[in-house]
Structure formats: structure tokens, C-alpha cells
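I have placed the structure first, in the form of C-alpha cells, so that the comments after it can refer back to it.
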Amino acid sequence: MRAERSGATRDLILTAAERLFAEHGVFAVSNRQVSEAAGQGNNFAVGYHFGTKADLVRAIVRKHDERIERLRLRMLAKLGDSAEVRDWVACLVRPVTEHLATLGSPTWYARFGAQVMTDPALRAIMIDEALSAPPLQELLDGLNHSLPALPFQVRLQRGEMARHLIVHMCADHERALADGTPPASTTWQELATGLIDAIVGLLLAPVTSADPGTSSRE
């Protein structure tokens, strides 16, 4: 019974923290505010159950990433050894949007992710947790093998651009749904299709010469 109560309290804290962090930013919210929003009379409940604020952020990320990677693993099983860039990009995008679609409305995880990714002290947590997942590593290997040869720095830059597109477009869509304003995409599925189109175009775009005095293409 004690373990069950502890697990239920942890879930309440995770949900409250995710919402408050999404709406106000991680460092604008105190542990005391999270405890109160979770219905805990003990102001030290967050520290007791999770430790530091960074540990709390990591726990929120892990809760969602586990579900996202299960979806990705199923997609990878169907993908096989495809050489199509679009197939691998779809496997990057759709597990995220499908997971967000299952959460109902309002949801906060996409906006939470956008807050975390813009914070220098916390973004490493989200990236490290994602990159430690074997399905994502398998996906990135397949995507890299399907891409044409690109200079290393260009590949890194475009990967960062793709990450920003996914994180912030999902956050914008979630915000519009929560606010009741017309989103740019009608559904999460439609958003995923638009993201896949954009990221494929981004990854396959020609590379402008590094010499600013020329307009040649590599």
C-alpha cells in the first residue's frame, strides 16, 4: 500500500510539474508550487520523490520517451532496410505526434519540451535521454545511410534544424489546441505529414559553397 501511494504521488507530481513548466518555464516554477498543484501538503514532496529540479525534468522526459520509443520500435520493424529518406524521417516524426495525439486535450508535453530545449542547462537532459534509446540510434543510422554525402558540419546543422522544427511546431500545435485557436494543421497526423515534407526537403537541399564570393553548389 505504501508503494502504491508513493507511485500515485509521483504521478501527481509529474503531471503538475509538466503543466506548470510548460505554461511558465522550468525555473519560474518552484518546487513548492509543484507540490501545491499536485495536492501535496508537504512542500518538500518534490525533493523527497525526485531530488533536484533537473531530476524531475529527467523523470518527465523518461515517462514520455518510453512510450514514444515503443511506437518507434514498431515502425522500425516495418521499415526494414529502406533506402528512402522519407521513410526514415517519418519514423523520426510520427512516433512523437502519435504519442501526443493519444494524450487527449489539453496536453502540455510538447510545450514542456520546447521550454526545456531553449534552456542551456536542461536541453542536454532531453537530448541525452533521446539519444540513449536504442530505437532512435537505429533510426539515425538508417537515416544517415539513406542520405547523400554531406559535409559533416552541414549534416549537424540540418539535424539541429530538424530538431527545432519538430519541437517547436509540435509545441505551437499543442498551444493552439489548448487555447482553442485554429491551428496551422487540423490534426496531429496532418502536422506530421507537413513536418516530414519539410524535413525531407531540408535534408536533401543542395549545399551552397562556403565561399561567400560565389554562388556555386557543391
Side-chain angles (χ1 to χ4, degrees), residues 57-58 60-103 107 109-120 122-174 184-185 187-210 217-218:
V57 167
R58 189 180 296 276
I60 295 170
V61 172
R62 284 181 175 173
K63 180 183 76 171
H64 290 276
D65 272 4
E66 287 173 0
R67 301 171 189 174
I68 291 169
E69 294 309 318
R70 283 199 295 270
L71 292 170
R72 182 166 286 127
L73 196 59
R74 290 201 289 269
M75 288 191 68
L76 284 169
K78 298 177 182 178
L79 197 55
D81 58 353
S82 173
E84 294 296 323
V85 173
R86 186 179 182 85
D87 290 341
W88 294 103
V89 173
C91 195
L92 178 67
V93 173
R94 290 203 185 277
V96 177
T97 56
E98 287 182 15
H99 171 64
L100 291 168
T102 65
L103 298 178
T107 58
Y109 186 61
R111 286 171 286 170
F112 162 84
Q115 292 279 10
V116 170
M117 287 299 289
T118 55
D119 188 287
L122 296 174
R123 72 189 303 270
I125 292 175
M126 201 156 192
I127 294 173
D128 290 346
E129 287 296 321
L131 292 179
S132 66
L136 185 60
Q137 285 294 332
E138 182 180 346
L139 161 67
L140 294 177
D141 288 343
L143 177 59
N144 286 331
H145 281 102
S146 70
L147 289 172
L150 291 170
F152 179 70
Q153 288 300 323
V154 171
R155 191 176 293 245
L156 286 180
Q157 182 187 59
R158 292 185 179 184
E160 186 71 12
M161 290 177 180
R163 184 183 300 119
H164 278 281
L165 275 173
I166 295 170
V167 168
H168 293 289
M169 289 301 296
C170 285
D172 285 347
H173 187 75
E174 183 183 75
S185 303
T187 64
W188 284 108
Q189 184 176 10
E190 183 180 306
L191 174 65
T193 300
L195 281 169
I196 293 165
D197 289 343
I199 293 170
V200 169
L202 170 66
L203 295 176
L204 297 180
V207 181
T208 302
S209 169
R217 304 282 180 171
E218 293 182 350

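Quantities reported herein were computed from a predicted structural model and do not represent experimental measurements. We use all heavy atoms of the structure for the numbers below, so side chains are in, but hydrogens, waters and symmetry mates are not. In this chain, numbering begins with 1 at the start of the sequence shown.
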Gln189 side chain near Glu98 side chain, heavy-atom distance below 4.5 Å: no

Using a 4.5 Å cut-off on heavy atoms from C-beta on, say whether the side chain of Glu174 contacts that of Leu103. no

Residue among Asp119, Ile127, Ile125 satisfying side-chain contact (heavy atoms from CB on, under 4.5 Å) with Arg123: Ile127

Say you draw a straight line from CG of Leu122 to CZ of Arg58; how long is it, rounded to the nearest 0.5 Å? 10.0 Å

Min side-chain heavy-atom separation Thr193-Ile196 under 4.5 Å: no

For residues Val200 and Trp88, determine if any side-chain heavy atom of one lies less than 4.5 Å from a side-chain heavy atom of the other. no

Do Cys91 and Arg72 have side chains that get closer than 4.5 Å, going by heavy atoms? yes

With distance as the sole test, does Thr107 use its side chain to make a donor-acceptor pair with the main-chain N or O of Tyr109 at under 3.5 Å? no

Heavy-atom closest pair, residues Asp87 and Ser82: OD2-OG, 2.6 Å

When rounded to the nearest 0.5 Å, the distance separating CG of Leu73 from CG of Leu79 is 12.0 Å

For residues 131-143, which side-chain donor-acceptor pairs fall under 3.5 Å, sequence neighbours excluded?
{"unit_1": "Ser132", "atom_1": "OG", "unit_2": "Asp128", "atom_2": "O", "d": "3.3"}
{"unit_1": "Ser132", "atom_1": "OG", "unit_2": "Glu129", "atom_2": "O", "d": "2.8"}
{"unit_1": "Gln137", "atom_1": "NE2", "unit_2": "Leu131", "atom_2": "O", "d": "2.7"}

Met161 side chain reached by Leu165 side chain, heavy atoms, under 4.5 Å: no

Which residues share a side chain to side chain contact (heavy atoms under 4.5 Å, CB included) with Thr118, sequence neighbours left out: His168

Would you check, one step at a time, whether the test side-chain contact (heavy atoms from CB on, under 4.5 Å) holds for Thr102 with Arg67? CA-CA 11 Å; Thr102 65; Arg67 301 171 189 174; over 6 Å; no

Here the pair of heavy atoms bringing Ala162 nearest to Ile199 is CB-CG2, 4.0 Å

Measure up the Trp188 and His173 rings against each other and bin them: parallel (under 30°), tilted (30 to 60°), perpendicular (over 60°). perpendicular

Listed by chain and number, what are the side chain to side chain contact (heavy atoms under 4.5 Å, CB included) partners of Arg158, not counting sequence neighbours? Leu150, Val154, Leu202, Leu203, Ala205, Val207

State, to 0.1 Å, how close Ser146 and Ala83 come at their nearest heavy-atom pair, and which atoms those are. CB-O, 3.6 Å

Can you tell me how far OG1 of Thr97 sits from CD1 of Ile68, rounded to the nearest 0.5 angstrom? 9.5 Å

Between Leu195 and Leu92, is a side-chain contact (heavy atoms from CB on, under 4.5 Å) present by the stated rule, with each step listed? CA-CA 10 Å; Leu195 281 169; Leu92 178 67; over 6 Å; no

Point-to-point distance, once rounded to the nearest 0.5 Å, from CD1 of Ile60 to CE of Met126: 10.0 Å

If we only count heavy atoms from C-beta on, is the His145 to Asp81 side-chain gap below 4.5 Å? no

Heavy atoms only: give me the nearest Ala114-Ala171 pair and the separation to one decimal. CB-CB, 3.7 Å

